[in-house]
Amino acid sequence: MADTLALTQRPAWKALSEHYRQIRDVHLRTLFDRDPHRGERFAVEGAGLYLDYSKHRVTEDTMRLLFDLARDSGLRERIDAMFAGERINITENRAVLHVALRAPRGSSIMVDGENVVPAVHAVLDRMSDFSRRIRDGSWKGHTGKRIRNIVNVGIGGSDLGPVMAYEALRHYADPALNCRFVSNVDGTDFVVATSALDPAETLFIISSKTFTTLETMTNARTAREWILGALRDDNAIAKHFVAVSTNRAEVAKFGIDTRNMFEFWDWVGGRYSMDSAIGLSTMIAVGPENFRAMLDGFHAVDEHFRTAPFERNLPVIMGLLTVWYNDFFGAQTVGVFPYDQYLKRFPAYLQQLTMESNGKHVTLQGRHLDYQSGPVFWGEPGTNGQHSFFQLIHQGTKLIPADFIAFCRPLNPLGRHHDLLIANVIAQAEALAFGKTPEQVKAEGTPEWLVPHRVCEGNRPSSVIMADQLTPETLGKLVALYEHSVFTQGCIWEIDSFDQWGVELGKVLALKIIPELEADTEPQLHHDSSTNALIRRYRERRKPS
Ligand code: G6Q
C-alpha cells in the first residue's frame, strides 16, 4: 500500500470528498446535455459483457479520482497477490483462489509451492465422469432403477450457488432429471423437497466444506433415514449418497464411501465455491460440457480483471462506483434487477457474495472503520419489481443505485415478449436518470395541485449490463464480474472480504440453547430475561394441546 494513513486521511480520499461537494447537486440531465457522446464515452466492453455506466453521477474527473484511489489503495498489487496464491484472507490465514477453479488445464497457480491446477482438473474429470454416468443411466440406484432425482443438501455457500446456477441454466438442463435443494433445518424444507420422489430413483449430494454444519448434517441424517426407511439395506447408501467436501474423515464417519467424495480445498471460500465440486448438481443437470463453458466464462472475466487497465476494467469500475455512492452519497443499498426470469435467484446469490464478504467493521489491521463498508444488496427480476418496489426508487427519499442486467437474445422467443422486456429495462434506466420535470408534467394538463405528486426528480443512478444471451459461459462471466467487484470494494475499504466471523456467535449460542429446549426437566436458564422468557414460552407451548 502506497500510504499507511487511514483511508479517510489519504489525499486520494480527501480529493474525492472535495470533488463530491462540487458534484453532488449536478443533475444527470446536465451531464448528458454537456456531452452528447456521454452514452458511448462512459461505456466499456470486456470479456463480451457491455457495461453502460453513463447514467451514474460521475464525470471524467470523478472516475480519474476513483482510479487514483484504487491505485493508491494498492488494488493492482492485491489482484496480483490473489492470483499468486498469497494468503490474503489473513484472519483465516488462507489463500483465496477461486480463480484457480477455472484456470485452464495446463496453467499454473501455486499455493505453498504446489501447482493446484492439476488437482482442480482431476476433480473436474471425476465430476464429469460421474455426471455422465448419472445422465446416461449407467449409474443405477440400489434396486437397479435409474437415478431421476438429484437432491443437493447444503446451506449458505454450499446451497445458494447451486440453486442459482440450476435456475439460471434450466434451459440447458436435462429435463429427465429433477433437481431439488434442501438447505433449511426447518423440516418443511426436506419434506417439500422430497415429496413425491421415489427413494429408489433419488441421489443425495451432501455438500459441505466442513461436513460439520448443523443444518446440513441434520438434513443429511434425515436423508439417510429416508433412504434406508424405503430401501431397507445399508448397502443402499453407496448408490444414493455422494459427498462434496474438504473433510474426508467426517465424510467417512457419516458412512459415505470416500470414493464417492468430490474434493475441494480450504482456499475456496464457501460463497466462492459454485464452480468447484460444490457445483456437482449443476454439472449433472446441464452436463460437463456446459459446466466447462461456464468455467470458461469465469476465466474470461478473471483474465479481464487481472489484465485490463482500470479505466476499461468492468469489475473495477463497478466496485469503485459502489464505493462512490456508499461512502460519499451515503447510499445504504444497491438494487440488482436481472431482466431475465432464469436469473430469479441471482439477487439472493449476490446477497451472500457481497454482504458476507464486505459486511465488516474493522480493517485488516483490526482498526474500527470510520467509514461505511459493504452496502445491502437486494433485488428481484424485472419487470416484476416495477410493479412493486420501484416506486420508492423513482420517487422515494432514498438514493438506490441500481444494476440492470439484460440479454439481447431470448432463450424462449415468444412473439413480442422479449422486445417488451428489453424496452422496459432501457426505459427504467432512462426514467431513473432523467425523470419528469414540473414543466413536463404541467404541459400534460395536470392540475396544479397534482403536479408535485407526478414529478419524478430523476438523477437516480444506474448501470446497464448487457450480454448477448444467457448461456453457461455468460453466467460464469456475470458471477465473476460481481466477485471481482466485491474484491475491488474490499480492497478500498481495507477489509478481509474472505472471512465471516460474524456468523459464528449465533451458531454457538444455538448449540447452548438446543439442550435447554430439549431437556425433559425444567433447565436452569442463565440468559438475559428476554431469552429466558422465550425459551420458557416455547417449552410450555410446543406440545400440541
Ligand atoms: C460462505 C460461508 C457459509 C458456508 C456455510 C456452509 O462463504 O462460509 O455460507 O458456505 O456455512 O458451510 P459448509 O459448506 O461447511 O457446510
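Counting convention: from 1, in listed order, for ligands and their atoms alike.
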Within 45° of the ring axis of F254 and under 6.0 Å from its six-membered ring centre, is that where the NZ or CZ of R224 lies? yes
With a 6.0 Å cut-off (strictly less than), is the heavy-atom count around NZ of K253, excluding the residue itself, greater than 12? no
Atom 15 (O) of ligand 1 [closest protein heavy-atom partner, distance rounded to 0.1 Å]: T210 OG1, 2.6 Å
To check your reading of the model: name the closest protein heavy atom to atom 11 (O) of ligand 1, its residue, and the distance in Å. K507 NZ, 4.4 Å
Within the 4.0 Å heavy-atom shell around S208, which atoms of ligand 1 are there? 13 (P), 14 (O), 15 (O), 16 (O)
Of the choices E92, R271, E250, K209, which has the non-hydrogen atom that lies closest to atom 7 (O) of ligand 1? R271
If you round to the nearest 0.5 Å, how far is OG1 of T213 from CG of D159? 11.5 Å
For atom 14 (O) of ligand 1, state which one of G157, G269, S158 supplies the nearest heavy atom. S158
Return the closest protein heavy atom for atom 8 (O) of ligand 1 as residue, atom name and distance. Q500 CD, 3.6 Å
Please state which protein non-hydrogen atom is closest to atom 2 (C) of ligand 1 and give its distance, to 0.1 Å? E356 OE1, 3.4 Å
I'd like to know if E215 contacts ligand 1, where contact means a heavy-atom distance under 4.0 Å to any ligand atom. no
May I ask you to decide whether R132 forms a salt bridge with E289, counting only side-chain N to carboxylate O separations under 4.0 Å? yes
May I ask you to check if R126 and F262 form a cation-pi contact, with NZ or CZ under 6.0 angstrom from the six-membered ring centre and within 45° of the axis? yes
So which heavy atom in the protein is nearest atom 6 (C) of ligand 1, and how far is it from that ligand atom? I155 O, 3.2 Å
Among protein heavy atoms, which sits nearest to atom 9 (O) of ligand 1, and what does the distance come to when rounded to 0.1 Å? Q352 NE2, 2.6 Å
Need the ligand 1 atom indices (1-based, order shown) with element for anything under 4.0 Å from a heavy-atom of T213. 12 (O), 13 (P), 15 (O), 16 (O)
Atom pair OG1/CH2 of T488 and W493 - distance to nearest 0.5 Å: 10.5 Å
Over 12 foreign heavy atoms within 6.0 Å of CZ, R259: no
Do the side-chain N and O atoms of S245 and N247 include a donor-acceptor pair separated by under 3.5 angstrom? no
